[in-house]
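Okay, structure first, notes after.
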Amino acid sequence: MSRGSRSPLARVRSALAWALLVPALAWGVGQVASDRWWWSQWLFWIPPAVPLACALAAAGVSLRAGSHVAPAALRGTTHAGRARGMRALRRFVAPRAIACAAAVATGVATLQWVSWARWARTAEPASRSALRIVHLNPRWPGDATDLAAAMMAQPADVYAISEAGAVLRAPAVRAAGDAGAVTLHVGRFAIVSRCPVREARAVYDDGSTAASWIRFGATDRLPEWTMLMVDAPRRLRVSRREIFTALRAALDAMSLGEPDVVVGDMNTTPGSRAVSDAWPSLRDASQEAGRGVRGTFPRELPLWAIDRCLVTPKWRMVEWRSWDPGRGAHRGQRIEIDVRPVSP
């Protein structure tokens, strides 16, 4: 083998390094395109852990692939020597370029993956005007005794349940009802509320996506407010944008107005263009006040934050956290909101 040629192993390492950058590139395209289109939503859903791992591996492989190139090989005075030097330069630069790209991808993916709120923010003091909402998607449980007990152990004014199944028949929920809480099914959903319920009705169901509208009465510490519950299962051949556009059009036709809170299993992650286009004035609770693990699915390894809560800008977010119900496919959400009007 001539001195200017590369070994087969070096070629394999270089090809592997480039291949490892493909998931990071796909993830980057997904972050820019979001879930506007059917094809881009699949890239948008790539968990940041995937490009993070691939970028780190690409950096290691590329640096190892270029480590055999000696700086002396980059110099040459004759034509043949300069040609060999240029080949050596490419072999010297390419792995390091891959490593730099991998470092950038690693940094961006890390920032996306880590909930900086865990370190960057301290918890806001709870106030008397704090509205506390707990959400869980137990996915049609039969015996929901343990799930309901775990849910009711979370302090809240309202418990919002997607695909509720037998949750309302569980002893912990019945005990809350005996103590004065309102418990009722609303279409595909159920609620357990310590706030008075003035209106509760299913407003949308296309056989896949469903929504219900609840209006709560005022109490001595909370104003009247409205909540839209949304359940949007993943449809493999339909874009999220198409799904939420149809839902928003149906809601607008009913002249319901803008809800104060939108909560549910939306099957798309924070940053979704489909969701932000549907409710452009609302803010994502986990992005604004999230602490701890932001993922909610799957419960054992929460890579995707698909259970979401959006809140009106007239209120101040205090805290959003996910919590583990102990079984099932989803982690729950716990949201605390200060409902005192925000000063302009």
- Message: Show me the pairs that pass side chain to side chain donor-acceptor pair (under 3.5 Å) and involve residues 161-180, at least two apart or across chains.
- Response: His135-Ser162
- Item | Residues in salt bridge (charged side-chain N to carboxylate O under 4.0 Å, His left out) contact with Asp205, at least two apart in sequence or another chain | Arg188
- Note on the structure: Taken in chain and number order and not counting sequence neighbours, the residues that satisfy salt bridge (charged side-chain N to carboxylate O under 4.0 Å, His left out) with Asp284 are Arg308
Do [X] and [Y] have a side chain donor and acceptor closer than 3.5 Å?
{"X": "Arg331", "Y": "Ser322", "result": "yes"}
{"X": "Arg240", "Y": "Gln41", "result": "no"}
{"X": "Trp279", "Y": "Glu258", "result": "no"}

Considering non-hydrogen atoms only, spot the tightest contact between [X] and [Y] and give its length.
{"X": "Leu247", "Y": "Ala211", "result": "CD1-CB, 3.9 Å"}
{"X": "Ala150", "Y": "Pro325", "result": "CB-O, 3.6 Å"}
{"X": "Ser34", "Y": "Gly271", "result": "OG-O, 3.3 Å"}
{"X": "Ala289", "Y": "Met317", "result": "CB-CB, 3.9 Å"}
{"X": "Val134", "Y": "Trp323", "result": "CG1-CZ2, 3.7 Å"}
{"X": "Pro313", "Y": "Ser281", "result": "CD-O, 3.1 Å"}

May I ask you to test the [X]-[Y] pair for a side-chain heavy-atom distance under 4.5 Å?
{"X": "Pro196", "Y": "Thr219", "answer": "yes"}
{"X": "Pro302", "Y": "Thr296", "answer": "no"}
{"X": "Phe44", "Y": "Gln31", "answer": "yes"}
{"X": "Asp260", "Y": "Lys314", "answer": "yes"}
{"X": "Ile337", "Y": "Val261", "answer": "yes"}
{"X": "Phe244", "Y": "Val230", "answer": "yes"}
{"X": "Pro138", "Y": "Ile161", "answer": "yes"}
{"X": "Met151", "Y": "Val167", "answer": "yes"}

In terms of hydrophobic clustering (I, L, V, M, F, W, Y; side-chain heavy atoms under 4.5 Å; direct or indirect links), are [X] and [Y] co-clustered?
{"X": "Phe297", "Y": "Leu310", "answer": "no"}
{"X": "Val158", "Y": "Trp320", "answer": "yes"}
{"X": "Val203", "Y": "Met266", "answer": "yes"}
{"X": "Ile133", "Y": "Leu184", "answer": "yes"}
{"X": "Val29", "Y": "Trp42", "answer": "yes"}

Can you tell me how far [atom2] of [Y] sits from [atom1] of [X], rounded to the nearest 0.5 angstrom?
{"X": "Arg198", "Y": "Ile214", "atom1": "CZ", "atom2": "CD1", "answer": "14.5 Å"}
{"X": "Arg273", "Y": "Ser239", "atom1": "CZ", "atom2": "OG", "answer": "13.0 Å"}
{"X": "Arg283", "Y": "Arg316", "atom1": "CZ", "atom2": "CZ", "answer": "10.0 Å"}
{"X": "Thr226", "Y": "Trp213", "atom1": "OG1", "atom2": "CH2", "answer": "4.0 Å"}
{"X": "Thr269", "Y": "Asp35", "atom1": "OG1", "atom2": "CG", "answer": "7.5 Å"}
{"X": "Arg340", "Y": "Leu222", "atom1": "CZ", "atom2": "CG", "answer": "12.0 Å"}

- Quick one: sort the Trp225 and Phe216 rings into parallel, tilted or perpendicular, breaks at 30° and 60°. parallel
Donor-acceptor contact present, side-chain [X] to main-chain [Y], <3.5 Å:
{"X": "Arg139", "Y": "Asn137", "value": "no"}
{"X": "Arg132", "Y": "Pro155", "value": "no"}
{"X": "Arg234", "Y": "Thr268", "value": "no"}
{"X": "Ser193", "Y": "Cys195", "value": "yes"}
{"X": "Arg299", "Y": "Gly328", "value": "yes"}
{"X": "Tyr159", "Y": "Gln154", "value": "yes"}
{"X": "Asn267", "Y": "Ala232", "value": "yes"}

- Does Phe189 have any ring pair (Phe, Tyr, Trp, His ring centres under 6.0 Å) partners at least two apart in sequence or in another chain, and if so, which? none
- For Trp37, all residues meeting ring pair (Phe, Tyr, Trp, His ring centres under 6.0 Å), sequence neighbours excluded: Trp39
- Message: Test side-chain contact (heavy atoms from CB on, under 4.5 Å) on Arg215 and Leu256; report intermediate values, then the result.
- Response: CA-CA 11 Å; Arg215 181 168 59 88; Leu256 294 172; over 6 Å; no
- Message: Here's a test for you: under side-chain contact (heavy atoms from CB on, under 4.5 Å), which of Ile191, Val262, Val186 qualifies with Met229?
- Response: Ile191
- Message: Restricting to side-chain contact (heavy atoms from CB on, under 4.5 Å), what partner residues turn up for Ala181, sequence neighbours left out?
- Response: Ala176, Val192, Arg194
